[in-house]
Structures are given as structure tokens and as C-alpha cells.
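Structure first, then comments.
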Amino acid sequence: MKALEKICEDLVAGEGEAHNRFRLWMTSYPSKDFPMTILQNAVKMTNEPPRGIRANVKRALSVQPLCDDDFFDKCARPNEFKRLLFSLCFFHANVQERRAFGPIGWNVPYGFDDGDLSISARQLKMFLDEKDEDDEDGSIEDEATGGAASTVTDDDEKALVSKAVSKLPLEALRYLAGECNYGGRVTDANDRILLATILEKCYSEEAASSNNFALSASGKYITPSILNPSRAQLLEHVDALPALPEPEVFGLHANADVSKDRADAEAMCRDLLKMSGDSASEETNENLETEESGEHATKEKDECEEDSSSTTTNEAADTSTALKEVINDAIARLPSNFNVEKTREKLPDAYADSLGTTLCQEMSRYNKLLLNIRKSLQEIEAALAGRAAFSAESEASKKAIERNAVPEAWKKVSYPSLKPFSSYFDDLLERCSMLETWDRNGKPPAVFWISGFFFAQSFLTAALQNYSRKHKLPVDEIAFDFEPIKGDVSDITEPPEAGVYVSGLFLEGCGWDEENMQLVESEKNVLHSKAPIFWFKPRKADEIEQNARYDCPCYRTAERRGTLATTGHSTNFVMHVKMPTKEPAEHWIKRGVALVTQLSE
């Protein structure tokens, strides 16, 4: 980027060297490192998909090669081709529009583009043309009529259509589009499952064989109602679709709109706070420095200016006093570091109890975080008291705390969290209290608060190791089965014979039926529901039955996204938890249902 900036500066500076009609054309993905000077001196254009399913589908039909009449009209199996082509355009619009819903739409916002649609449409036509050449029985219409003298009933025609459609290479088409074209962009394993689930309905036998096939639960989005529609008829069908899509077209609950609007409002407020906070701090510092030097008030200033300066100074003093109180309160409440060596001496044999090792590891992680936070708060306190100067890091941390945000210096050594500063600090104290109680009692708790672990995967691995060593089974052959437990944490006083009881999880995208112990739809405007206590039961992996359960992904934060780990999952991902449900798993996959270990509030 630095070299690019230098090239552009040379082009601007050397006016006589470049032809007067010379223009530099650049394309780029969004990047925070892109040179600001280039953006300031350039004419900027963006190419983004239109908003809404209807507008997106209409635009998709104008993309090459879909806009080519030869491509559109000259397929060996025109009926199936145009139905599936419309379904493909709907799928393309669907996966693009889901990005607006944030993590509940996609864990990672992928840049699906016209190239994915174009190659998928070409493959669709190619496969249908080749399949028709291989069929010896001719077209669907020939089979259905059987010649001019034949009489065929509606049932016979439907059977022949179903027979012909069953010969379509739908599985190959789903693989190419879902795993190669669109799926080639997908890096998150759970997003890949979602993509395949959406595509399965669009590339299905029903979509290929039926007119008016419902692509959404409401039936508002359907395939064309006429055989072999022309381009004009297909566009007319698109124009009849709803202008503003509701969340149901994506398989989402109506609450997804509330979550989307709330996220947009919070993002805007954060940006405004950053802008006003920085400028206010600079103005405050200038006023204070001016006041200390005695240069801010002169005899030439009128009375109005003096009142304004005095008001600004008083506001700055009030802000500084409030910040001092927050910093001093945080220092006073911050717990001391854990004595890991003393705790290790009290623990039983590490081979027999891996959970004890987990306790020591967690203490070490929190010690590092506590040390960093204590040092940062003391530096800010000293600078505010005038005993030291602000460093760049302490100044940034101070500004973050003023905005009720967690300082970036803390995040570098912290567990993942989206909470504001006040909630984050209270949560940190609660986490440390959990470890302190465990250490003081000298034994693990009856119910583990999974939200309190710095690295929950190590705790889960330790629970599996205990079972593995007790029953002399290879640890890679056992896994957790899950059983929801009725009642509260206070009702459970003893740990289970095998495995662990776990609390502290929250459901996003659905609710929980306490009476029937299964997933249900969310209540209106209720974005998160408290999940039940779970019994994580270690068993042989091949003995665990799926039954009527949904493999619900569990994440550390509601952001869901993270960096890709060597396990193939995101660093934010914890595990899949099998949840009882009366609905098919595909329903909850499209809903974006997930468990999170902590909320963002």
C-alpha cells in the first residue's frame, strides 16, 4: 500500500510526464489499510447488489449469460431449465440479502458476486443439455403424450414428469454450486451447512418439476406458473414479487428485523461516540492547558466568551472527576492475582483429575489479564492525578473508558467479549469469584458456569479425559451426549456420576419450552432466551443417537465469527450441542439458531 501511494503521488506531482488523457483505474476489496490520500484525490465508485429479493432477482436475470437470448431460450429441456434458473437467481439473492442480518444471517459476511451466479447458470445449462442427449426416452412432453393417438391421464403425466426429473443431475449441480462456486468462498463450517440447506430446496426435484413451487414458507416467492416462460413473462413474474422482503423469506424469525435494526443503530452510535469523544477530549485538554498557562483569558475578551470558556472548563473538570471515580473504583474492586502454586499443591493427582489442571490453567490466564488491567488503571490514575504523563496506550485506554468501551490493550490479553466496559468489569469479577470459590472449596462445583472459563474447550477436554481414564477408553473414541435438566442451579447439589453439569448458555434465534424440554419459536421482540442446564454425558461416539435433535452450534460471543483454527472451525466456536426439537433440523439452521456463552450487554 505504501508503494501504491508513492506511485500515485508521483503521477500527481509529475504533471508534464503523464498524458492529459491518462487515467489510473483501480479495483479493490474493502481494506482499512487503503491509502487515504488516494481516496481523497480519486473519483470513487462502488458496485453493490440492489436491496431486496425482487430487485436482486431482476438484476440477476440481466447478468451475462442470463441476459443472452440464445442462452435463455435454447436449452434442450426448457421447462426444467427455466424453473431451476429462476430458483438459482432466488438462491443468489437470498444468500446476498442474508448478510444484512449480521451473525444470525452469516457468521462471516461473504462477498458472493455475479461470477458465482454466471458459472452456476452455465453449469446448469450444460448439465441439462448433456443429460438430454443421454436420455433414450426423449423429452418429457413426448413421454407424456405418447404420440397423437394416445390418451394419458393427469396421474400418468405426473409420474412421467417425476421420472424424467429424477434423472436430472441435481446432486452434481448442488455440489458444484454449494461446494465449489458459492461454497468456495465459505470459510466457516457452520456457514457451509447453512449454504447447502438453502441450496437443497432451490435445486430440488420439486423446484424442477412444479409450477408455483413455493421457495419460501409463506408461499409469496414461487417459481413461474407457466411452462417455458419467455424473458418478458419471467420478468413480469419477478415484478409481482413483494418489494420489501420479510425475514421469513430467508427462513428467519420476525425478530431478526429487530436484531438487524438494533445492530445498525448501535454501530451508528459507536461511530458518533468515537467522533465526539476524541474531539471533546482534545478540546478539553486544550482548555485545561490554556487555563494552567493563564493565556485563555485576556482583557480583550468580552463577557460572553468568558462565560463560555468557564462553562467548558467546568464541564471538563466534571468529566475528569467522574473518570477519576470510575478508575479508583475499578482499582479498588480488582481482585488480587491467584496463587497458582499454592492451588496446585492442594489438588489431587493430575492424572486422576484433569479438571484440577484446568483450574490452574484458568488461574494463570486470568493472572495475566489482571496484571495488564491493574497496570493500565494505575497508569491512567497517575496521569489524571498529575504524577505522570499519558503514554499513547494509556491515553487510548482512557478515551475508551470514557466511551464505556473496553480498551484495546486489554482485549489483546482478554477472553472474547462484546460487553461495554461497565458490564465487562462486573463479568470479570464474577469469573474470578467462580475460580476463587472452586479453589477455596477444594473440589469442583456441582454445576459448572461455562461462561466463566477463559478457554472453555480445555474444560470440556478435561471432562472427557476424566471419563476416558476412568473407563480406560481412547479419548478420541468418546464424545458428549447432551441431556437438558429441569430446575435451577440451586436445585443441584452433587455432580453427576459421569460427565458434568453445565449452565450459563443462552439461545439466540429461538426460545426454550421448559415444560416439554425442546426448542420453540422465539417470543415477539425477545432476542435471547436462557438455555437450560445441560448434562454433558461422555459416551462412545458410535453409540450416540441423533433422534429428533438439532446440532446447535455454540459460540463464545454473539459475534460468532473468529479466525479459522486448525480444527476447521472458528476460534469463536466451542462445540455442537444436540437440542431436542419437533421441527426438522433444517428449520433451525435457516433460523440461524445458536447457543452463546455470554450476551453483549
Side-chain angles (χ1 to χ4, degrees), residues 329-379 397 406-419 421 423-469 475 489 492 495 499-505 536 554-557 562 565 571-575 596-598:
D329 179 67
I331 294 174
R333 295 170 61 198
L334 197 66
S336 303
N337 283 16
F338 296 105
N339 190 333
V340 181
E341 293 301 324
K342 185 177 179 180
T343 300
R344 187 175 285 114
E345 292 174 0
K346 296 188 300 182
L347 293 175
D349 181 19
Y351 183 83
D353 183 19
S354 296
L355 289 173
T357 303
T358 299
L359 173 61
C360 293
Q361 291 172 345
E362 288 292 306
M363 285 181 166
S364 298
R365 294 186 184 104
Y366 277 105
N367 277 350
K368 183 178 180 181
L369 175 60
L370 291 171
L371 185 65
N372 183 283
I373 292 177
R374 185 176 292 105
K375 178 183 176 183
S376 176
L377 291 173
Q378 289 173 348
E379 287 179 353
S397 298
V406 179
E408 290 295 327
W410 299 11
K411 291 181 180 180
K412 292 178 181 179
V413 293
S414 174
Y415 50 87
S417 178
L418 303 178
K419 295 178 180 291
F421 172 80
S423 299
Y424 173 88
F425 202 83
D426 291 339
D427 178 61
L428 173 63
L429 299 183
E430 193 173 354
R431 289 166 178 255
C432 293
S433 177
M434 180 197 73
L435 298 181
E436 184 180 355
T437 303
W438 184 353
D439 180 34
R440 185 173 61 250
N441 293 339
K443 62 178 182 179
V447 181
F448 288 92
W449 181 47
I450 194 170
S451 309
F453 287 97
F454 202 110
F455 187 61
Q457 285 89 337
S458 65
F459 155 69
L460 298 172
T461 302
L464 288 176
Q465 285 178 337
N466 280 354
Y467 183 86
S468 169
R469 291 166 180 173
V475 72
V489 174
I492 302 175
V500 289
Y501 292 129
V502 168
S503 68
L505 295 174
F536 285 29
C554 178
Y555 299 95
R556 302 171 76 179
T557 69
T571 51
N572 206 339
F573 177 78
V574 179
M575 66 188 312
V596 293
T597 63
Q598 57 178 300

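Because the structure is predicted, anything quoted here is derived from the model rather than measured.
- Remark: Tyr555 engages Phe573 in a ring pair (Phe, Tyr, Trp, His ring centres under 6.0 Å) (not counting sequence neighbours).
- Take Arg374 and apply the salt bridge (charged side-chain N to carboxylate O under 4.0 Å, His left out) test, not counting sequence neighbours, and it matches no residue.
- Lys375 NZ: 12 or fewer foreign heavy atoms inside a 6.0 Å radius.
- Panel note: side chain Ser468, backbone Leu464; no donor-acceptor pair is recorded below 3.5 Å.
- To the nearest 0.5 Å, atoms CZ (Arg431) and CZ (Arg365) are separated by 12.0 Å.
- For Glu430, there are no salt bridge (charged side-chain N to carboxylate O under 4.0 Å, His left out) partners at least two apart in sequence or on another chain.
- For Phe459 against Thr358, the heavy-atom pair with the smallest separation is CA-CG2, 3.9 Å.
- With sequence neighbours left out, the side-chain contact (heavy atoms from CB on, under 4.5 Å) criterion links Leu429 to Arg333, Pro335, Phe425.
- Every residue meeting the side chain to side chain donor-acceptor pair (under 3.5 Å) condition with Ser376, not counting sequence neighbours, appears here in chain and number order: Trp410.
- With sequence neighbours excluded, the residues that form a side chain to side chain donor-acceptor pair (under 3.5 Å) with Ser414 are Tyr424.
- Within the model, atoms OG of Ser423 and CG of Leu418 stand 11.5 Å from one another, a figure rounded to the nearest 0.5 Å.
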Do any side-chain atoms of residues 441-454 form donor-acceptor pairs under 3.5 angstrom with protein atoms, and if so which ones, sequence neighbours left out?
| residue | atom | partner | partner atom | Å |
| --- | --- | --- | --- | --- |
| Asn441 | ND2 | Thr437 | O | 3.3 |
| Ser451 | OG | Gly504 | O | 2.7 |
| Ser451 | OG | Thr597 | O | 2.4 |

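- Considering all non-hydrogen atoms of both residues, Asn466 and Ser354 come closest at OD1-N, 2.8 Å.
- Partners of Lys342 by side chain to side chain donor-acceptor pair (under 3.5 Å), not counting sequence neighbours: none found.
- For Tyr501, the side chain to side chain donor-acceptor pair (under 3.5 Å) criterion is met by no residue, not counting sequence neighbours.
- Phe455 and Arg556 make their closest contact through CA-NH2, 4.2 Å (heavy atoms, listed as atom of the first residue, atom of the second, distance).
- Checking each of Asn339, Val340, Asn372 against Asn367 for a side chain to side chain contact (heavy atoms under 4.5 Å, CB included) leaves exactly one that passes, namely Val340.
- Taking CG of Leu428 as the start and OH of Tyr366 as the end, the distance is 7.0 Å to the nearest 0.5 Å.
- Partners of Lys346 under the salt bridge (charged side-chain N to carboxylate O under 4.0 Å, His left out) rule, at least two apart in sequence or in another chain, are Asp439.
- A pairwise comparison of heavy atoms in Val406 and Lys419 identifies CG2-O, 3.6 Å as the closest pair.
- Pro416 and Gln598 make their closest contact through O-NE2, 2.8 Å (heavy atoms, listed as atom of the first residue, atom of the second, distance).
- Separation of atoms OG (Ser397) and CG (Leu377) is listed at 8.5 Å; rounding is to 0.5 Å.
- Minimum interatomic distance between Thr343 and Cys360 (heavy atoms only, all atoms of both residues): CG2-SG, 4.3 Å.
- For Glu341, the salt bridge (charged side-chain N to carboxylate O under 4.0 Å, His left out) test picks out Arg344, with sequence neighbours left out.
- For Tyr467, the ring pair (Phe, Tyr, Trp, His ring centres under 6.0 Å) test picks out His471, with sequence neighbours left out.
- For the atom pair OG1 of Thr557 and CG of Asn572, the computed distance is 4.0 Å after rounding to the nearest 0.5 Å.
- The CZ atom of Arg469 sits 9.5 Å away from atom CG of Asp353, with the distance rounded to the nearest 0.5 Å.
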